[in-house]
Amino acid sequence: MTRQGTMDELFARLLPSASQEQIEGARGRVLARVRAGAVEEPVALPLGLNHGDYHILLVLSEGERHGYAILAEVAEVTEGATRFGPGTLYTSIKRLQTAGLIEESTNRPDPKINDEPRRYYRLTAMGQKVLAAESERLAARLPHAHNPQILRSI
Amino acid sequence: MSTAKVLNVINAPLGQEFEQLFHDHYPLVYRTAYSVTGSREDAEDVVQTIFLRLYRRGVLSGVKENPKAYLYRAAVNAAVSVVRSRRRHILTNDSAELDRPVEAKTSNEEPALQGQFLEAIAQLNPSAVEILILRYEHNYSDAEIAKLLGTSRSAIAVRLFRARARLKKFMEKKA
């Protein structure tokens, strides 16, 4: 076992090699396992998903947006209750990007609007899951909001 | 966002992009995992693990540039650690099982020797394993390996040479 040829021979003799049938035979089974695992996957809510983050995810669930559009839509949807300054918006975007919930998109929805180097963002698959989980969580808490005692105290 | 829309998000399948990625790269990933582990069961586990990890991270995060390279590397890494932990597991339980054969390539091949060979490969640095498996299982040329791993042909030639030499040493130690 001193020359390359001997090593080549050893690989040819000993390295396991899957047959085409074996690979294709396992394809459906493995995909099913991946799908099942993805469904069961507990969505680990990134700690500190705050109100503003949630609204960003919500806006992006409607499609890709650039920073200013996110800002405007969040203000509109919340009737001005949630407002970002440009600084806080980009801090949030950075954080959501780092967490893998949103990502920058290279697409331009309208190629004509390429007058400035605007960055567009979109949800990732993970971002969708987090948004769904957070929406469920909020929906589950909604009944408490109708608590007469709380309403009376207003 | 309407309730109906929220529900749509919750019920979304894995996503077309993700499933496409699975189908495009599954054969490469499976073949790689099987070569390194020598076990169908472990190969399937490896494939499942790395695709789920990809799913959790979000398909598009950073993988977009070169999903093939990402998945190939992930497969090698996961498969190598399966083989390494297999050895640890056996050592702590029953050392007599050490030479337990992996599935033999053909009935008359030496299963124990194959097991040793795979263990020796798993002792190498995963970046060396990446190159060896591309060469010997996927029959890539130096140029093709260099292209996939994003490095130069000459670097691959050198690393291939070193990987073989190191592997030879491991095998001789066992003999």
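First the proteins, then the strands, lettered A, B, ... as listed; each starts at 1. The structure displayed is predicted, hence computed values, not measured ones. Keep in mind that the numbers below use all heavy atoms, side chains included, and drop hydrogens, waters and symmetry copies.
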Distance-minimising heavy-atom pair for Ser17(A) and Glu137(B): OG-OE2, 2.9 Å
Over 60° means perpendicular and under 30° means parallel, so tell me whether Phe11(A) and Phe117(B) are parallel, tilted or perpendicular. perpendicular
Taking every non-hydrogen atom, the tightest pair across Glu44(B) and Ala26(A): OE2-CB, 3.5 Å
So do the side chains of Asp45(B) and Arg33(A) get within less than 4.5 Å of each other, counting heavy atoms only? yes
Any Gln116(B) side-chain heavy atom under 4.5 Å of Leu14(A) side chain: no
d(Leu15(A) CG, Ile133(B) CD1) to nearest 0.5 Å is 4.5 Å
Nearest heavy atoms of Leu52(B) and Val34(A), plus distance in Å: CD2-O, 3.5 Å
Is Phe161(B) linked to Leu124(B) within one hydrophobic cluster, defined over Ile, Leu, Val, Met, Phe, Trp and Tyr using a side-chain heavy-atom separation of less than 4.5 Å? no
Does Ser35(B) use its side chain to pair, donor to acceptor, with the backbone of Pro16(A) at less than 3.5 Å? yes
Could you check whether any side-chain heavy atom of Leu167(B) comes within less than 4.5 Å of a side-chain heavy atom of Leu10(A), counting everything from C-beta outward? no
If you take all heavy atoms of Ala18(A) and Tyr34(B), which pair is closest and at what distance? N-CD2, 3.5 Å
Determine whether Arg35(A) and Glu19(B) satisfy the following criterion, side-chain contact (heavy atoms from CB on, under 4.5 Å), listing intermediate values before the conclusion. CA-CA 9 Å; Arg35(A) 281 181 179 147; Glu19(B) 299 229 344; 2.7 Å; yes
Where do Arg164(B) and Met7(A) come nearest, in terms of heavy atoms and distance? O-CE, 3.8 Å
Looking at chain B, which one of Gln97(A), Glu24(A), Arg29(A) has the largest number of heavy-atom pairs inside 4.5 Å, strictly under? Arg29(A)
Return the minimal non-hydrogen interatomic distance between Tyr26(B) and Arg27(A), and the atom names on each side. OH-N, 3.0 Å
Pick one: which of Val30(A), Ile23(A), Leu31(A) meets side chain to side chain contact (heavy atoms under 4.5 Å, CB included) with Val47(B)? Val30(A)
Is there a path from Ile131(B) to Val158(B) through hydrophobic residues (I, L, V, M, F, W, Y) whose side chains come within less than 4.5 Å of each other? no
